[in-house]
Amino acid sequence: QVQLLESGGGLVQAGGSLRLSCAASGRTFSAYAMGWFRQAPGKEREFVAAISRAGGSTSYADSVKGRFTISRDNAKNTVYLQMNSLKPEDTADYYCAAANSYYMGSYPSDYVYWGQGTQVTVSS
């Protein structure tokens, strides 16, 4: 069992930056590939980014590539999402998730554990 707690969301103007954090507790954090997803009102949950267990490999949705950076600190049991050049269409609830394997999937079904989410609002 892994518990995940996101933080760092808020209101920001377009072009601004936010850094989301996801603190994990429970079993060995480094055993899990980690991902970030987001869900806007009335839309399905969508993939944002993923990172391998050791942090050496990452993947991104095309919509955030070049603007967002996922990273992790296994010593602190934390995964981060640095979001730069934010756009109004980035407005959503952001969720971190842990995959019960090495696989860095891009579908919600690839992940077993989920946080409660943190809200990001980007004003134009």
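The shortest heavy-atom contact between Ser71 and Val79 is O-CG2, 3.1 Å. In plain terms, the two heavy atoms of Thr78 and Lys76 that are nearest each other are OG1-O, 2.8 Å. The minimum heavy-atom distance between Thr118 and Gly9, with the atom names listed, is OG1-N, 3.2 Å. Across Val122 and Thr91, no two heavy atoms sit closer than the pair N-OG1, 2.9 Å. Smallest separation of non-hydrogen atoms from Ala14 and Pro88: CB-CD, 4.1 Å. Nearest heavy-atom pair across Tyr103 and Ala99 is O-CB, 3.7 Å.
Both Phe68 and Leu20 are part of a single hydrophobic cluster, where members link through side-chain heavy atoms under 4.5 Å apart. A single hydrophobic cluster is seen to contain both Val64 and Met83, as judged by linkage of ILVMFWY side chains at heavy-atom distances under 4.5 Å, directly or through other members. Val120 and Trp114 end up in different hydrophobic clusters when Ile, Leu, Val, Met, Phe, Trp and Tyr side chains are linked at under 4.5 Å. Cluster membership check: Val48 shares its hydrophobic cluster with Leu86, using side-chain heavy-atom separations under 4.5 Å among Ile, Leu, Val, Met, Phe, Trp and Tyr. Clustering ILVMFWY residues whenever any of their side-chain heavy atoms sit less than 4.5 angstrom apart, transitively, puts Phe47 in a cluster other than the one holding Leu4.
In summary, Asp93 and Arg45 do not engage in a salt bridge, as defined by a charged side-chain N under 4.0 Å from a carboxylate O. Between Lys65 and Asp62 a salt bridge is recorded (basic side-chain N to carboxylate O distance below 4.0 Å).
Between Glu6 and Ser21 the shortest side-chain heavy-atom distance does not fall below 4.5 Å.
Both the sub-6.0 Å distance and the 45° axial angle are not jointly satisfied by Arg53 relative to the ring of Phe29.
To the nearest 0.5 angstrom, Ser85 atom OG is 7.0 Å from Arg67 atom CZ. Rounding to the nearest 0.5 Å places OG of Ser52 at 12.0 Å from OH of Tyr102. Rounding to the nearest 0.5 Å places OG of Ser30 at 11.5 Å from CG of Asp73. One finds the OH atom of Tyr111 at 12.0 Å from the CH2 atom of Trp36 (value rounded to the nearest 0.5 Å).
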Worked verdict on Thr69 versus Tyr60 for side chain to side chain contact (heavy atoms under 4.5 Å, CB included): CA-CA 8 Å; Thr69 303; Tyr60 297 92; 3.8 Å; yes
Stepwise side chain to side chain contact (heavy atoms under 4.5 Å, CB included) test for Arg72 and Met34: CA-CA 9 Å; Arg72 67 190 296 164; Met34 298 294 295; 3.6 Å; yes
I would like to know whether Arg38 and Ser63 meet side chain to side chain contact (heavy atoms under 4.5 Å, CB included); could you show each step before the answer? CA-CA 12 Å; Arg38 66 187 182 187; Ser63 60; 3.5 Å; yes
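Relative ring orientation between Tyr32 and Tyr113 is described as perpendicular, the plane-to-plane angle rising above 60° on a 0-90° scale split at 30° and 60°.
For the pair Thr121 (side chain) and Leu11 (backbone), a donor-acceptor distance under 3.5 Å is absent.
The distance between the ring centers of Phe37 and Tyr95 does not fall below 6.0 angstrom.
Gln3 CD: more than 12 foreign heavy atoms inside a 6.0 Å radius.
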